[in-house]
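Structure first, commentary second.
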Amino acid sequence: MPTHPSSGKPVSVAVIGAGMAGRTHAAGYRNVNTVYGAGLPPVRLAAIADANIGLGEDAARRYGYEKALPSWEAVVEDPSIDAVSIVVGNDLHRPIAEALVAAGKHVLCEKPLAGSLADARAMAEVERTADVVTAVGYTFRRSPAIAAIRDHVRGGELGDLSLFSGRYWCDYATDPNGPLSWRFKGGPGSGALGDVGAHVIDVAEYVAGPIVSVSGASLSTQIPERPLPLGAVVGHNAAPVSDEVGPVENEDTASFTARFESGLVGTFSLSRTAFGLPNGLAFDVVGLGGRAAFDQHRPAEYLFDDAQPEARTRGARHIIAGPQLPYFAGGYPMEAPGVGGGNAEMFTYQARAFLDQVAGVAEPLPACATFADALRTMEIIQAVVASSRDGGAVATVPPRA
């Protein structure tokens with residue numbers, strides 16, 4: 001059961017996966033007690049687990065963890081560990097999460113929730129009866145700018161919404177000589193759509209409400225074959241490859257239209273082969289009385305426009321992130337507008353929110369997304385795949401149970 005802060009007992013954390021995202025989780029846990037108010041117990045940085053023990057040892061050293069472990073099973077078997085981040089290949093999420101929950105450990109799982117819809121449904125069912133905290137890493141919910149735009153929408157400042165346009169354009173797969181890692185396997189929906197699309201779909205629902213159907217979907221693969229790696233591949237990094245190639249099993253790009261519960265129409269496009277765009281999550285949300293826009297390449301600001309009384313000075317304004325936005329006050333060492341911000345801070349806020357739930361903190365940050373939330377995202381992704389297979393026909397999204 002969750003540790004209560006009044007017990008004074010440290011919360012012991014571990015990270016499974018020492019790659020790019022795993023290290024960001026590790027750094028987030030290291031910083032959780034430097035942000036926001038008191039009340040969170042001390043955090044013990046217990047272990048980082050990775051089958052590549054050298055990689056795990058390096059991450060443990062860098063982020064101050066007590067030890068590196070050679071397998072996720074070793075984390076499950078360690079009774080001293082309370083809470084765990086799962087940051088490995090999607091197909092491994094379900095068995096690891098099920099084992100951790102059975103061992104009484106709290107779980108923060110990276111998105112997408114699982115490698116298949118069947119596995120995601122099984123995980124959501126485990127969550128339904130679990131007596132531990134289960135959460136999913138939709139990190140962009142912790143962006144001060146995105147959270148502020150959501151507040152504008154919820155407060156009616158944009159009026160009735162008329163359009164949402166979301167995109168996540170990345171360039172990590174533009175090199176045809178990049179290795180055939182696990183990211184390029186798994187079938188339609190598990191490529192750009194599942195990898196980066198999961199984020200922008202969640203942001204869309206976070207800002208504009210539930211999606212009920214999709215249509216006009218198209219999936220394509222620009223690089224159909226890639227060379228086989230000669231060793232481990234870490235994150236999106238280059239790696240030595242052989243002369244032998246293998247097939248890419250999923251999409252490099254995807255686009256679709258969505259209809260929201262409110263009647264709002266949204267357009268989405270996703271790519272991992274968009275040259276020159278390292279992390280291009282962006283969106284526009286437009287209403288009858290205003291509009292707002294965000295671009296992750298400029299994460300410390302957003303654009304806002306509304307009907308100012310004086311027509312001569314109307315127009316879009318850049319809102320610079322500062323203490324007036326969600327998460328900023330108490331979350332930055334220098335609490336002043338214009339000091340920047342980005343993924344590192346968002347992962348820290350996410351880790352703090354997760355541990356607030358674990359420890360039962362009196363005034364917690366907004367709770368993390370759940371396995372059920374992430375299952376819904378995967379159901380939307382599967383509806384997009386179904387639409388693409390049916391020539392762009394309308395595909396409904398099951399209502400949330």
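Positions are given from 1 along the sequence.
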(message) Pairing donors with acceptors under 3.5 angstrom, does anything connect the side chains of H25 and E110?
(response) yes
(request) Please determine, by modelled atom types, if T253 and S220 share a side-chain donor-acceptor pair under 3.5 angstrom. (result) yes
(request) Pick out which of V76, V107, L69, L100 makes a side chain to side chain contact (heavy atoms under 4.5 Å, CB included) with I16. (result) L100
(request) Indicate yes or no: at least one non-hydrogen side-chain atom of T267 is less than 4.5 angstrom from one of F164. (result) no
(request) Would you check if there is a donor-acceptor pair between the side chains of R141 and Y206 at a distance under 3.5 Å? (result) no
(message) Check this for me, if you would: do R94 and E98 make a salt bridge, where the nitrogen-to-carboxylate-oxygen distance has to be below 4.0 angstrom?
(response) yes
(message) With a 6.0 Å cut-off (strictly less than), is the heavy-atom count around CG of D151, excluding the residue itself, greater than 12?
(response) yes
(request) For residues F268 and F256, establish whether the separation of their ring centroids is below 6.0 Å. (result) yes
(message) Less than 3.5 Å apart, any donor N or O on the side chain of Y138 or T377 sitting next to an acceptor on the other?
(response) yes
(request) For T34 and N31, test the side chains for any donor-to-acceptor distance below 3.5 angstrom and give the result as yes or no. (result) no
(request) Decide, yes or no, whether a salt bridge links D284 with R167 under the criterion of side-chain N to carboxylate O below 4.0 Å. (result) yes
(message) Pairing donors with acceptors under 3.5 angstrom, does anything connect the side chains of N343 and Q296?
(response) yes
(message) Among residues at least two apart in sequence or on other chains, which ones pass salt bridge (charged side-chain N to carboxylate O under 4.0 Å, His left out) with E66?
(response) R44
(request) Salt-bridge test for D58 and R61: reply yes if a basic N is under 4.0 Å from a carboxylate O, no otherwise. (result) yes
(message) Taking the cut-offs as 6.0 angstrom to the six-membered ring centre and 45 degrees off its axis, would you call R291 and F304 a cation-pi pair?
(response) no
(message) Do Y172 and D195 pair up side chain to side chain, a donor and an acceptor below 3.5 Å, judged on atom types alone?
(response) yes
(message) Please report whether the ring centroid of Y302 lies less than 6.0 Å from that of H152.
(response) yes
(message) Ignoring hydrogens, what is the shortest heavy-atom contact between V87 and A21? Give both atom names and the distance.
(response) CG1-CB, 3.4 Å
(request) For T273 and Q222, test the side chains for any donor-to-acceptor distance below 3.5 angstrom and give the result as yes or no. (result) yes
(request) List the steps and the verdict of salt bridge (charged side-chain N to carboxylate O under 4.0 Å, His left out) for E205 and R376. (result) CA-CA 10 Å; E205 291 205 310; R376 177 174 176 79; 3.0 Å; yes
